[in-house]
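When a ligand or atom number is given, it counts from 1 through the structure's own listing order.
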Amino acid sequence: MRSDNQFLENGDALPRILFAASEIQPLIKTGGLADVAGSLPIALHQLGVDVRLILPAYPAVIEKLVPLQALASLRIPGWGGQVRILQGSFKEDLPIYLVDIPGLFDRAGNPYVNAQGKDWKDNADRFAAFARVIVAIALKQTSIDWRPDLVHCNDWQTGLVPALLSQHSNRPASVFTIHNLSYQGVYNHDTFRRLRLPPEFWSHHGLEFYENFSFIKGGLAFADRITTVSPTYSREILTPEFGYGLEGLLNHRRPHLRGILNGIDDQFWNPASDPYLEANYSAADLAAKATNKQALQQTLGLTQDRDAMLLGHIGRTVPQKGCDLILDVLPRLIEKGDMQLALLGSGDPQLENALQEVAARHPQRIAVHIGYDEELAHRIEAGADAFLMPSRYEPCGLNQMYSLRYGTPPIVHRTGGLADTVTDASAENVMAETANGFVFEQPTADAMWEAIEHAHAIFRRPPVWWEKLARAGMGEDFSWQNSARAYLELYQQAIDEPLGNPLAKN
Ligand code: ADP
């Protein structure tokens, strides 16, 4: 098999890629999927690939991309009205197609949930329609004069695409990336009928899943290749603990499954040029980090204490991210006397309230900011001394990589992408600059506290210790270039050796 480097060096025609996602940073974002969808296509483009993006035309996206050009209109099964495809221009002039179906996508706020945090009732209709349009473009059934060699689908919202493509002999190849296996898009048989999906998909080998059907199975059973966003998570999802009932199918697809670690947008997340920071800094000159710490303490109303060990946390306030473990250790952290916490997140209202209550009682030590705030996220990464990431599972995780780049050693649970990016500190490896953070084995408050104590002990040693740890992380390369090359190699395999139709075996 040829490697991607040979492939680039031979000057072979690079594949044309349609990259489909339900959120793309900086247009609309709820999590890491958006970061990937906003960065990987750019890195592929920089390798010379003709890559185009496709996203639902949410109002916030239309607003950011005007002027838009109406390219095509079409009708799709399961939806009565007209569907329009608009074209805008993404970063580096990449074409982006917006699927404009006002009845389905013209609503403000979060792409998946209403103001009460409940799933939109018609999510199945919305993302089935999105998939139908992606397939129509992929098969060149619209007036758009372009056909991809491969469609790269992401998470359950695009899961039906590989399944629908499989019905066509002259189809482009497909890759399906799992960003988080626990979100599957599971619906009942009535919904299946209403969406007018091919009846043969209602099969164990197709979309059926314990008497319901799932969108994500469309990707897992039918895509030519499957990826997930870190090597460790690609192994974890083969087990019942992390497989959510899909481990059997994933084991069956194992020859086609690969873990490729996400990169980060190293322009947007660069302490040397980040416009959100009080003071920019680099590994060569860490002094200004203290200015960011002071500014963060001031902004959040924490005591202005240079010597306190300030821990940061950013993320969805949900059990997956281990926020309850953070809540559990707060009494110990307060008792310690020389520690502070800056937490930014939103999610589970009960957890949010519980965290806020503790913060209200100890405002000089604990700051809890509920909401989504990009600027504050950057300021926490720069201003904190260490970053807490006790995720129970973590497909890849981005914040630990941002932390490493910002010289803020992460304290993480050994799982998924956290295990692949963080090396636990010991007396020997800190000085050798081969450790970059702290790792604990079990997702429990006690294990996390032990790791925090370990970090605290190293923090209290002469500053050279902590600086070595910080510099080791700052020196690592988390850019997208390597990952983009790995995806390109995989695309070529998917094109060269497509999967047979899984339903044909019945
Ligand atoms: P996930 O996709 O599971 O939420 P990731 O770590 O892969 O977790 O990505 C989360 C992304 O969202 C990161 O870029 C993180 O900085 C950002 N993020 C999460 N919550 C917030 C918030 N409350 N404010 C600002 N950024 C946030």
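Inspection of the Gln184 and Ser214 side chains reveals no N or O donor paired with an N or O acceptor under 3.5 Å. No side-chain N or O of His256 forms a donor-acceptor pair with one of Asp224 less than 3.5 Å apart. Checked by atom type, the side-chain pair Arg485/Gln481 shows no donor-acceptor distance below 3.5 Å. Side chain to side chain, Gln46 and Glu92 meet the donor-acceptor criterion of an N or O pair below 3.5 Å. With no hydrogens or angles considered, a side-chain donor-acceptor pair links Tyr393 and Asn180 at under 3.5 Å. Between the side chains of Asp285 and Ser282, no donor-acceptor pair of N or O atoms lies under 3.5 Å.
Taking every heavy atom of Gly31 and a limit of under 4.0 angstrom, the matching atoms of ligand 1 come to 2 (O), 4 (O). Atoms of ligand 1 found under 4.0 Å from any heavy atom of Gly315 (numbered from 1 in listed order, with element): 19 (C), 20 (N). Near Leu344, with a cut-off below 4.0 Å to any heavy atom, the atoms of ligand 1 are 22 (C), 23 (N), 24 (N), 25 (C). Each of the following atoms of ligand 1 lies closer than 4.0 Å to a heavy atom of Asn399: 6 (O), 13 (C), 15 (C), 16 (O). Taking every heavy atom of Asp35 and a limit of under 4.0 angstrom, the matching atoms of ligand 1 come to 11 (C), 14 (O). For ligand 1, the atoms sitting less than 4.0 Å from at least one non-hydrogen atom of Lys29 are 11 (C), 12 (O), 13 (C), 14 (O), 17 (C), numbered in the order shown with element in parentheses.
Distances from atom 23 (N) of ligand 1 to the heavy atoms of Ser346, Ala377, Gly371 show the closest one on Gly371.
Of the protein's non-hydrogen atoms, the one nearest atom 4 (O) of ligand 1 is Arg316 NE, 2.8 Å. Looking only at heavy atoms of the protein, atom 10 (C) of ligand 1 is closest to Gly32 N, 3.7 Å. Of all protein heavy atoms, the one closest to atom 18 (N) of ligand 1 is Tyr372 CE1, 3.7 Å.
The ring of Phe127 has its center closer than 6.0 angstrom to the ring center of Trp156. Checked against a 6.0 Å centroid threshold, the rings of Phe176 and His152 do not count as neighbours.
Inclusion of Asp373 in the set of residues having an N or O under 3.5 Å from an N or O of ligand 1 is warranted. At least one N/O-N/O distance between Lys321 and ligand 1 falls below 3.5 Å.
With a heavy-atom cut-off of 4.0 Å, Leu398 touches ligand 1 through backbone and side chain alike. At a heavy-atom cutoff of 4.0 Å, ligand 1 is contacted by the side chain of Ile314 but not by its backbone. No part of His179 comes within 4.0 Å of ligand 1, judged by heavy-atom distances.
Shown here is Arg332, whose CZ atom has more than 12 heavy atoms of other residues, nucleotides or ligands within 6.0 Å.
With salt bridges taken as basic N to acidic carboxylate O contacts below 4.0 Å, one links Arg379 and Glu278.
Residue-ligand proximity: Cys396 is placed with every non-hydrogen atom at 4.0 Å or more from ligand 1.
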